[in-house]
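Lettering of chains follows the sequences in order, A, B, ..., and the numbering in each one begins at 1.
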Protein chains: 2
Amino acid sequence: MTRIAGVDPRTAATLPAVVEATPDHQVDTIAEIAAAAAAGLEAMGRHGRGELLDAMADATERHRDELVKTAALETGFAVGKLDGELTRAVYQLRFFADVLRDGSYLEATIDRAGASAMGPRPDLRRMLVPIGPVAVFGASNFPFAFSVLGGDTASALAAGSPVVVKAHDSHPATSKLSLDVLAATAVQTAAPEGVIGAVYGRSAAVHLVAHPAIRAVGFTGSLSGGKALLDIINRRADPIPFYGELSSLNPVIVTPAAAAERGETIGTELAASFTLGAGQLCTKPGLVLVPDNADGDALAYAVRNALTDVAAAPLLNERIFNSYRSETRDLREQQHLSILGDPRDGSTHAGFTVEPIAFETNVANLHRDLVTEIFGPVTVIVRYPAGDVEAATRSTMELLPHSLTATIHHGADEDTLLAQLTEIARPTAGRIVYNGFPTGVAVSWAQTHGGPWPATNSLHTSVGATAIRRFLRPVTYQNAPESVLPEELHDSFGAVARRLDGVLVLPTER
Amino acid sequence: MTRIAGVDPRTAATLPAVVEATPDHQVDTIAEIAAAAAAGLEAMGRHGRGELLDAMADATERHRDELVKTAALETGFAVGKLDGELTRAVYQLRFFADVLRDGSYLEATIDRAGASAMGPRPDLRRMLVPIGPVAVFGASNFPFAFSVLGGDTASALAAGSPVVVKAHDSHPATSKLSLDVLAATAVQTAAPEGVIGAVYGRSAAVHLVAHPAIRAVGFTGSLSGGKALLDIINRRADPIPFYGELSSLNPVIVTPAAAAERGETIGTELAASFTLGAGQLCTKPGLVLVPDNADGDALAYAVRNALTDVAAAPLLNERIFNSYRSETRDLREQQHLSILGDPRDGSTHAGFTVEPIAFETNVANLHRDLVTEIFGPVTVIVRYPAGDVEAATRSTMELLPHSLTATIHHGADEDTLLAQLTEIARPTAGRIVYNGFPTGVAVSWAQTHGGPWPATNSLHTSVGATAIRRFLRPVTYQNAPESVLPEELHDSFGAVARRLDGVLVLPTER
């Protein structure tokens, strides 16, 4: 057996191993148990699954200290940051319980039999039903909110789809503890055995995604990792939906008026945003368009100043650490690219600890090597001729890969320019942020955390209420006796919003 | 230039060519014009696009005689069948205009700024927006309803996404005439140039799907054709969504009680269903489970009787004709498989004309070679021990590839059995039909025409209101000034259903 051990990023010391790589035959068993649990999980109904999620939230809260302590050791993140992230994970579980109780995610639709322009029409009743067992890939950078306890797990369980998590190798102990908390909760409720499981190790990941019982994959990770999983899916006899959140540069555009009105504030906040979580957020602003004038200079100066107060911080694992070092070294060697301020020497730090760094260049010098995502506390400020913000934005956006977000800092009276910049930005991202920063993704009904490839596959979000849609599929019942219909499609049911003969009708009891 | 000519299926005579294969550079131009039209098509708004679709429906109706006459020549379908199909295509265009006026397809959602359990939340406003230019592949078997004038075109234009159709080689003249009708209508309305275009020929198809301006593909065709397009998509720098309707066997289960109550009627209707459109419907029942008792015998006898009244009919093209001949010949040579009744000799028919045929076997003899889709007027009746319908259904469904539909003919008092059969059938199909036949797919709000692979990709329908979802993607605006928001996300807008701070609100004006 291969034991999988975490590593303390602050020291690079290997931690005691608490899990073993899951052998293929055991992956088979776990996937089959998940498949066997599907009918029972669906039969719990919306309210039963809502109670399950609430109970999981309660249990997670009860194990807060232990979870945070374990994750702190494996990730090197500050306890305060991890406490906030756990609060987010707990909130997310409860939020999807609310989504279930609301019930309109089912898209329940009834067309009663009758005449139509095309002749008699049968009785048709449509609803979204669970897609079946889902493989969820934990992410290194969110040991709670995008891992075992995370949004993919919450939305898949809400949908009625059992979950098998591929735990991230960077936090095996946190993953195991999280799984134990969720699985124990499931046992205490009416949930069937196997609604939540986990596998460990790279071979198990490959075997899981290829397993016939798995009906969809939720993945947050690197573009290369996502592509490798897609290759496995494309080789399946039945390719399944893949929801990958893969790569995002998150460009920020600062208009001349914005720089004039509050350049210093923007610079200070930018430094905080791109170094948050040691720059290991998928929404980190990685490229910032700043006017090449005195206001832009003030902004850049504020970034430089603010960075002097940002402490060196450990990256999550050796791979990320090595990539950050080699990729920032490559940038240092680029012509026409300068370092903002005096770079601090990080070479003597312990473990995977690195210094933040900001680069500066001119829009005329921008090329593809400068517009790739680098995980870690680094950003590139790109100066543009102040009279030319629209053209600079257009040429830059054409060069960039698509992102989860695009951000526009604008001035008070720039309606026309703002409409133009929005039109340029919208095709490139799933969320457009105005006068703010893309880091911080609220869990809510209206959130979109997704974007055109390579950000994601562009059609769905992985954060917010509609994330549940990824793990559902539509079924229409034609002339079905009421006895075989889900209750939400019964004539007399009134507890969820439904479309009846083409007309949207609100719930009668709320 | 390669000229592309239709062929009269009744005689196999080549028809006068009216189009040429589109050279690659012209495909580029057409795709770029479509991309340039996207902003203008969206700017027409829901009502503007509704008027465009209504005008397209009117124009199609005005050209009915010419369209039907042209299609009759290229497809060999009866004028009555084509008249009905054109009515369907016209209805579909108008239906999506209604979907636009309703507006709830936008999923407009507003979370106003405020406190949350996770701290202050920004103002977030989410809506679905057009995905961009869509490549639509015309299908051989529906020259109107699934081709240039078809559902993919209607739903993509409704979504606000320009359309480039790859015309099917089997009906180039019908495609060209259809395109001329739609394009002329677009010119007469406020629509920008290029909202609808078409390309011809296999090389153009490949070039179109690989073109960076194309943002999604709608395809109705063969599994092999779909896989070839998926390979092209997977090689793109940015893989795009592919909506393929690929293959469907559409199993029918007749319970012993159903056979006892109305075996003869079921047999007669089955013969009509599997020979409709010369068996070239993606919803054709291709495998029918019938009890192995006297009631089942009566059903089979009724099929045999009804077939004597079904005339020989031409298949759509030489490829389908050759496949039908070779695949039914393979079945004739199978052991444990008999022909129902006396097969008619079709070898002297002109053109691509074939005879319908039904085979019969026992569930114990079922194997994978017997459960592949054959395009054309053929079905396989599978007899099972009358006391064993659940086990026979379970073992059969495990052997079958997934389908668009599954059909259950049941008796009056079979609630328990019906629940079991529904549970077995639902994971295998997107529409479950009770006491009817799968052929005939109503265009309505509650329809699902999709199913797990290889039927489609399982998450979306290609018929009915929600087909529009395929050509939309979510965007969230964070703290956006109202001036940049689509009107449906303005505070004061009340004409569409929206979710406001988590609560679904109906339109105020309807």
Side-chain angles (χ1 to χ4, degrees), chain A residues 39 87-88 91 104 107 109-111 116-118 121-122 124-126 129 131-132 234 238-239 241 415 418-419 422-423 426-427 430-436 442-448 450 452-454 457-459 461 466 473-481 483-484 497 499 502 504 506, chain B residues 39 87-88 91 104 107 109-111 116-118 121-122 124-126 129 131-132 234 238-239 241 415 418-419 422-423 426-427 430-436 442-448 450 452-454 457-459 461 466 473-481 483-484 497 499 502 504 506:
Chain A
T87 300
R88 177 188 181 86
Y91 178 77
S104 59
E107 300 182 7
T109 306
I110 298 177
D111 293 330
S116 85
M118 291 164 52
R121 190 183 59 200
L124 294 170
R125 293 172 190 241
R126 172 188 185 271
V129 302
I131 199 168
N234 291 331
D238 58 339
D415 277 7
L418 197 56
T422 299
E423 193 184 323
R426 209 193 60 180
R431 179 163 55 107
I432 320 292
V433 180
Y434 296 84
N435 287 354
V443 175
S444 81
W445 291 90
Q447 188 58 275
T448 300
W453 186 277
N457 67 352
S458 92
L459 287 175
T461 179
T466 55
R473 67 183 186 95
V475 167
T476 294
Y477 300 82
Q478 178 171 325
N479 287 341
S483 65
V484 302
R499 185 169 291 272
L504 192 61
L506 292 182
Chain B
T87 300
R88 177 188 181 85
Y91 177 76
S104 59
E107 301 182 6
T109 306
I110 298 177
D111 292 330
S116 85
M118 293 162 52
R121 190 183 60 200
L124 294 169
R125 296 173 189 239
R126 173 187 185 269
V129 303
I131 199 168
N234 290 331
D238 58 340
D415 277 8
L418 197 56
T422 299
E423 193 182 324
R426 206 192 65 180
R431 179 165 54 108
I432 320 291
V433 180
Y434 297 84
N435 289 354
V443 175
S444 81
W445 291 90
Q447 188 57 276
T448 300
W453 186 276
N457 67 352
S458 93
L459 287 174
T461 180
T466 55
R473 67 183 186 95
V475 168
T476 294
Y477 300 83
Q478 178 171 326
N479 286 342
S483 65
V484 303
R499 185 171 290 273
L504 193 61
L506 292 182

_Within-4.5 Å side-chain heavy-atom neighbours: B:R499 and B:E107_ = no
*asked:* Using 0.5 Å steps for rounding, measure from the CD atom of A:Q478 to the CG atom of A:L124.
replied: 5.5 Å
*Over all atoms of both residues, closest heavy-atom pair of A:Y434 and B:V484*: OH-CG2, 3.5 Å
*asked:* Using heavy-atom distances under 4.5 Å, tell me whether B:Y477 contacts chain A through its side chain, its backbone, both, or neither.
replied: both
*Name the region of B:P241, side chain, backbone, both or neither, that has any atom closer than 4.5 Å to a heavy atom of chain A.*
side chain
*Among A:T448, A:L418, A:V129, who wins on heavy-atom pairs under 4.5 Å with chain B?*
A:T448
*With a 4.5 angstrom heavy-atom cut-off, which part of B:N435 approaches chain A: side chain, backbone, both or neither?*
neither
*Using a cut-off of under 4.5 Å for heavy-atom pairs, which of B:A497, B:P481, B:A442 has the most such pairs with chain A?*
B:P481
*When B:G132, B:A39, B:P427 are compared by non-hydrogen pairs under 4.5 Å with chain A, the top option*: B:P427
*Side chain, backbone, both or neither: which part of B:R88 has a heavy atom under 4.5 Å from chain A?*
both
_Just verifying a value: how many Å separate B:L504 CG and A:L504 CG, rounded to the nearest 0.5 Å?_
5.5 Å
*Closest non-hydrogen atom pair between A:R126 and B:W445, with its separation*: CD-O, 4.2 Å
*Specify which of B:A117, B:A480, B:S104, B:A419 makes the most heavy-atom pairs with chain A at under 4.5 Å.*
B:A480
*Residue among A:T461, A:D415, A:N457 with most heavy-atom pairs under 4.5 Å to chain B*: A:D415
*Hey, does the side chain of B:D111 reach the backbone of A:A446 with a donor-acceptor pair shorter than 3.5 angstrom?*
yes
*Against chain B, work out which of A:R121, A:R125, A:Q447 has the most heavy-atom pairs shorter than 4.5 Å and name it.*
A:Q447
*Under a 4.5 Å heavy-atom cut-off, does chain A meet the side chain of B:T422, its backbone, both or neither?*
side chain
*Among the listed options B:N479, B:I131, B:V475, B:V443, the residue most often paired with chain A at heavy-atom distances under 4.5 Å*: B:V475
*Side chain, backbone, both or neither: which part of A:S483 has a non-hydrogen atom closer than 4.5 Å to chain B?*
side chain
